[in-house]
Amino acid sequence: MNKITHHPSDALLYSHIDGDLPESLSVAMTLHCDMCEHCKQKAQRLTNQFADKAWEDSNVNEAEAVDFTQMLDDILNSDVDVSYLKTPSVEHIFIDSFHYELPHVLTRYADMKWNQLGAVSRASLIEEGATRSNLLRINAGGVIPSHTHKGFELTLLLDGSFEDESGHYHAGDFIWLDATNAHSPKTDDGCLCYTVQNAPLHFTQGLSKLFNPIGRLLY
């Protein structure tokens, strides 16, 4: 198994644990932490630190006034919603001959519609103003022409691999780019990505500039 080498920043991880991120980015962070043991452990440490701080900052007098015995009795004697005991649903996506079992955090978006543009298939998931998330499937041998970004672009690689001018990426890699970056991703064997953007792609070279009017189809 290939080692994950690209991770979210500590600031982004901190915001995720603190609940400050929009849904699209929070989903990306959850996906990455589920795939990356290193970041999962960091997230757990941060969660514990948040919990400790919240306890320390609480009013001691109020804490002393709580009847914890009664609280525990209420919890133990309360009715259990059996829906929480059900086995989580398993959802799959099929694109031509490609099959992928969706991670649990994505099953709520399972009823997705796919649009195809050349070697790229896209399913729109979350729209939060200018910020949008998608699933992108790039077929084997597919290339996205050289482009930059008017805003930011987050790519979380879920399956397969791709490469660009900066390196080679594998499942679990978390790649954050902005207007200072230009690249042309290509994949030999095909890949599936979860992406978040807050502006359309801007194609930069040769005839690919003609694609700018349809750049929104990948946004």
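Residue numbers start at 1 and run along the sequence shown.
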Working for side-chain contact (heavy atoms from CB on, under 4.5 Å), residues Glu91 and Leu106: CA-CA 9 Å; Glu91 302 286 351; Leu106 291 180; over 6 Å; no
Joint cluster assignment, Leu154 & Leu13, ILVMFWY side-chain distance < 4.5 Å: yes
Spatial distance of atom OG1 (Thr155) from atom CG (Asn134) [nearest 0.5 Å]: 10.5 Å
Same apolar cluster (I L V M F W Y, side chains within < 4.5 Å links), Val27/Tyr100: yes
Polar contact flag, side-chain donor to acceptor under 3.5 angstrom, Asp164-Tyr169: yes
Verdict with reasoning, Phe162 to Ile175, per side-chain contact (heavy atoms from CB on, under 4.5 Å): CA-CA 12 Å; Phe162 75 86; Ile175 307 115; 4.0 Å; yes
Straight-line distance of Asp173 CG to Met35 CE, nearest 0.5 Å: 9.0 Å
Between CD1 on residue Ile4 and NE2 on residue His170, distance to nearest 0.5 Å: 10.5 Å
Pro8 and Tyr14, any side-chain heavy atoms less than 4.5 Å apart: no
Side-chain heavy-atom pair Cys191, Ser161 within 4.5 angstrom cut-off: no
Any donor-acceptor pair under 3.5 Å from Glu153 side chain to Thr195 backbone: no
Listed once per pair and sorted, the side chain to side chain donor-acceptor pair (under 3.5 Å) pairs that draw on residues 105-121, sequence neighbours left out: Glu23-Tyr109
Donor-acceptor contact below 3.5 Å, side chain Glu128 vs main chain Pro22: no
Parallel, tilted or perpendicular: rings of Phe152 and Trp176 (30°, 60°): parallel
Check: Asn181 main-chain N/O paired with Thr148 side-chain donor or acceptor under 3.5 Å: yes
Side chain proximity check, Thr131 to Ile126, heavy atoms < 4.5 angstrom: no
Asp18 atom CG: more than 12 heavy-atom contacts under 6.0 Å: yes
Nearest-0.5 Å distance that lies between atom CZ in Arg45 and atom CD1 in Ile17: 11.0 Å
Phe174 and His32 aromatic ring geometry - parallel, tilted or perpendicular at 30°/60° bounds: perpendicular
Ser146 OG to Glu165 CD distance, which is reported to the nearest 0.5 Å: 6.0 Å
Close side-chain approach of Glu163 to Asp188, heavy-atom, < 4.5 Å: yes
Min side-chain heavy-atom separation Ser26-His16 under 4.5 Å: yes
Rounded distance [0.5 Å steps], CG in Leu157 versus CG in Asp159: 7.5 Å
Derivation and outcome, side-chain contact (heavy atoms from CB on, under 4.5 Å), residues Leu135 and Leu102: CA-CA 11 Å; Leu135 282 182; Leu102 287 173; 4.2 Å; yes
Whether His149 and His147 hold their rings parallel, tilted or perpendicular, with breakpoints at 30° and 60°: perpendicular
Hphob cluster co-occupancy, Phe98 + Leu125, side-chain heavy atoms under 4.5 angstrom: yes
